[in-house]
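Chain A is the first sequence line, chain B the second, and so forth, proteins listed ahead of strands; every chain is numbered from 1.
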Amino acid sequence: SQTIHQWPATLVQPVGSPLSLECTVEGTSNPNLYWYRQAAGRGLQLLFYSVGIGQISSEVPQNLSASRPQDRQFILSSKKLLLSDSGFYLCAWSMRYTAYFFGPGTRLTVL
Amino acid sequence: DQQVKQNSPSLSVQEGRISILNCDYTNSMFDYFLWYKKYPAEGPTFLISISSIKDKNEDGRFTVFLNKSAKHLSLHIVPSQPGDSAVYFCAARLKAAGNKLTFGGGTRVLVKP
């Protein structure tokens with residue numbers, strides 16, 4: 001069966017510090033991968049998606065970036081965090097014609 | 001531009017009664033619709049979906065209805081149980097764009113015992 005991991009589960013970072021969140025998927029090959037963010041009291045906003053290694057599409061211009069160095073690994077990064085980057089970050093995977101399956105999420109607080 | 005909207009931010013229902021959650025969309029190219037349930041500090045879990053070529057899909061206590069002409073879908077939960085208390089998101093898929101899902105803003109459901 002497929003599983004999706006995210007770490008860390010929670011993170012508190014100062015403004016201006018770098019960020020690296022990691023997501024890995026097990027039990028499937030060549031999945032589509034996605035990064036979403038849920039800000040406090042808001043819906044889910046798509047940040048990035050990837051249909052293959054090295055292929056990244058950005059949905060929202062901002063100071064975040066994403067990379068997919070391996071088939072089942074998806075990384076969300078920032079060089080300098082802003083207060084507005086606080087939120088709940090969710091990684092998800094799908095095969096071409098199936099529902100998304102979400103990871104447990106990372107709670108990021110930028111102080 | 002919000003392409004998927006859930007106009008009711010919250011819903012309170014008595015245990016055993018029906019919960020009806022609504023969702024409207026604007027993009028006629030969406031080909032698949034899904035409902036997710038989310039507890040605080042957890043990832044959303046998939047509940048039920050419906051293809052744009054159908055108007056109803058049922059799975060146990062959950063039924064999703066799609067009205068393409070009105071660009072409207074709804075989720076019925078019957079009977080509602082206290083464990084159903086959560087935030088529910090509807091989502092719409094654009095197959096031609098990397099299988100992207102666009103989510104509504106969510107509806108918080110509270111089922112009272």
Item to check | Residue, of B/K100, B/Q6, B/R108, that accumulates the most heavy atom pairs under 4.5 Å with chain A | outcome: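 Most pairs with chain A among the choices: B/K100.
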Next on the checklist: Taking every non-hydrogen pair under 4.5 Å, which of B/A91, B/G104, B/P44 racks up the most with chain A?
Outcome noted: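 Top option by heavy-atom pairs under 4.5 Å: B/P44.
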Checklist entry - Above 12 or not: heavy atoms from other molecules or residues under 6.0 Å from CG of A/L111? => result yes
Next on the checklist: Other residues, nucleotides and ligands only: do more than 12 of their heavy atoms fall within 6.0 Å of CZ on B/R61?
Outcome noted: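 Yes, because the 6.0 Å sphere around CZ of B/R61 holds more than 12 heavy atoms from other groups.
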Checklist entry - For A/L46, is it the side chain, the backbone, both, or neither that has a heavy atom closer than 4.5 Å to a heavy atom of chain B? => result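 Contact with chain B involves the side chain of A/L46 alone.
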Checklist entry - Are B/Y39 and B/L11 co-members of a hydrophobic cluster defined by side-chain heavy atoms under 4.5 Å apart? => result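 They do not share one cluster, since no chain of ILVMFWY contacts under 4.5 Å joins B/L11 to B/Y39.
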Checklist entry - Does B/V13 share a hydrophobic cluster with B/F62, counting links as ILVMFWY side-chain heavy atoms below 4.5 Å and allowing steps through other members? => result yes
Next on the checklist: Counting the benzene-type ring for Trp, do A/Y100 and B/Y36 have ring centres under 6.0 Å apart?
Outcome noted: no
Checklist entry - Hey, are the side chains of B/F103 and A/Q38 touching, using non-hydrogen atoms and a 4.5 Å cut-off? => result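 No - every pair of side-chain heavy atoms lies 4.5 Å or more apart.
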Item to check | Intermediate values then yes/no, side chain to side chain contact (heavy atoms under 4.5 Å, CB included), A/Y34 and B/L101 | outcome: CA-CA 9 Å; A/Y34 310 85; B/L101 285 186; over 6 Å; no
Checklist entry - Does anything in residues 67-76 of chain A pair up under salt bridge (Lys or Arg N to Asp or Glu O under 4.0 Å), and if so which pairs, sequence neighbours excluded? => result A/R68-A/D71
